[in-house]
Amino acid sequence: MSRAASATIHIDALRHNLGVVRRRAPASRVLAVVKADGYGHGLERVAHALEGADGFGVAALADAERLRAAGLSQRIVLLSGFDEPADLPALRRLAVETVVHHDSQLDMLAAERDALPPLRVWLKLDSGMHRLGFAPERAVEVHARLRALPNVDNEIVLMTHFAASDEFASSRTPEQQAAFEHAVDGLPGLRSLANSAAVLGWPATHADWIRPGGALYGLSAVDGKSGVDLGLQPAMTLSTRLVAINRVARGERVGYGGTFACPDDMPIGVAAIGYGDGYPRSAPSGTPVLVNGQRAPIVGRVSMDLLAIDLRALPDARVGDPVVLWGRGLPIEEIAASAGTIGYELACGITRRVRFVED
Ligand SMILES: *Cc1c(COP(=O)(O)O)cnc(C)c1O
């Protein structure tokens with residue numbers, strides 16, 4: 001028997017979520033962010049499902065290569081930019097646009113001399129996150145340098161990225177927006193600021209291109225809210241089956257380290273999934289799963305291939321019954337909160353031995 005652990009990717013949910021972000025930002029073009037293998041959902045599968053997007057944002061040139069090989073002809077933007085001269089002919093060959101955020105990239109472009117056709121670039125300014133981007137006061141100078149290069153297309157998209165757009169009560173996003181707008185005031189070119197949380201919570205930032213990632217997968221970046229709370233549908237359901245049910249006596253301990261002591265004589269279900277599949281080992285006793293669609297808590301430590309479930313409330317559960325770890329009926333954000341992380345990290349962390357199926 002093959003391992004039961006599987007990730008079902010809901011193609012209709014991806015499409016639904018694209019519709020949601022489009023309706024939220026009707027005047028903007030959509031750069032669907034598909035980095036990290038489509039946030040763990042499978043790059044080609046996600047890109048085909050999201051063919052209605054205006055472009056795709058990737059973090060690695062290899063991902064752009066995969067999208068082109070899969071026959072996708074939309075615009076593609078390399079969000080973290082190129083990092084060596086050999087990337088430049090590859091960008092051209094694949095017709096991929098690139099973010100430019102650092103002087104080292106300006107130098108590589110200048111050294112490339114007469115290469116054609118001109119590359120399309122997205123000039124990234126650091127409006128306050130202090131990760132990637134030129135200081136705002138350099139916007140005019142860097143823009144002029146790029147425009148003077150014959151190997152760079154004249155149409156330069158101006159962009160920035162938010163550090164805290166998921167905090168809807170914070171002033172940091174409007175402050176970053178103001179810093180960006182001041183920096184690019186008078187410069188020609190389309191503007192792009194908004195990630196998922198800004199698409200949902202900061203309409204004034206939508207501008208010409210929105211760059212949603214998580215929202216397309218039904219993931220919430222907003223503390224205390226699930227994707228479903230935000231009108232999104234989960235694009236992944238992670239599930240497996242019960243491979244054993246054992247009666248364990250009161251006072252006996254379950255799993256590595258014996259961190260859970262049975263308060264009763266009780267049925268313990270064992271499900272075929274563990275941290276080797278990407279289920280977080282940090283999920284403590286009490287984290288919910290769905291057995292036959294009903295909630296039950298996990299108990300003891302998650303092991304590599306297995307985890308244990310308190311079945312006291314589900315006396316009819318049988319070996320072979322389905323167990324859902326997150327997805328439809330169980331928001332990934334709930335598991336993430338329990339494990340001390342965010343849904344994004346859980347989705348990206350599904351490992352290669354998990355079988356992916358589409359519905
Ligand atoms: C990852 C990323 C996004 C998408 O962020 P989400 O929170 O997933 O919507 C947008 N822009 C840039 C530059 C990114 O790196």
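Ligands are counted one by one from 1 in listed order, and the atoms in each one are counted from 1 as well. Each residue takes its place number in the sequence, starting with 1.
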Glu334, CD atom: more than 12 neighbouring heavy atoms under 6.0 Å: yes
Where ligand 1 meets Tyr39 - atom numbers and elements under 4.0 angstrom, heavy-atom basis: 1 (C), 4 (C), 5 (O), 6 (P), 8 (O)
Contact (N/O only, under 3.5 Å) between Ala215 and ligand 1: no
Distance filter under 4.0 Å to Ser196 heavy atoms, resulting ligand 1 atoms: 6 (P), 9 (O)
Basic-acidic side-chain contact under 4.0 Å: Glu65, Arg93: yes
For atom 2 (C) of ligand 1, closest protein heavy-atom neighbour: Lys35 NZ, 2.4 Å
Shortest protein contact, atom 7 (O) of ligand 1 (heavy atom only): Tyr344 OH, 3.0 Å
Side-chain donor/acceptor of His101 to backbone N/O of Leu79, under 3.5 Å: no
Proximal ligand 1 atoms for Gly214, defined as those under 4.0 Å from one of its heavy atoms: 6 (P), 8 (O), 9 (O)
Proximity winner for atom 5 (O) of ligand 1, if only heavy atoms of Leu219, Leu132, Asn195 are counted: Asn195
Protein contact to atom 12 (C) of ligand 1 [nearest heavy atom, distance to 0.1 Å]: His161 CE1, 3.4 Å
Lys/Arg-Asp/Glu bridge criterion (N-O < 4.0 Å) met for Glu333, Lys225: no
Within-cut-off N or O pair, Lys124 and ligand 1, under 3.5 Å: no
Lys/Arg-Asp/Glu bridge criterion (N-O < 4.0 Å) met for Asp107, Arg145: yes
Any donor-acceptor N/O pair, Thr205 side chain to Ala194 backbone, under 3.5 Å: no
Ligand 1 versus Arg211: contacting region, heavy-atom distance under 4.0 Å: both
Subset of ligand 1 atoms that lie under 4.0 Å from at least one heavy atom of Pro212: 9 (O)
Check ion pair Asp37-Arg45 (N to O, under 4.0 angstrom): no
Ligand 1 to Leu79 polar contact by distance, N or O atoms, under 3.5 Å: no
Basic-acidic side-chain contact under 4.0 Å: Arg131, Asp126: no
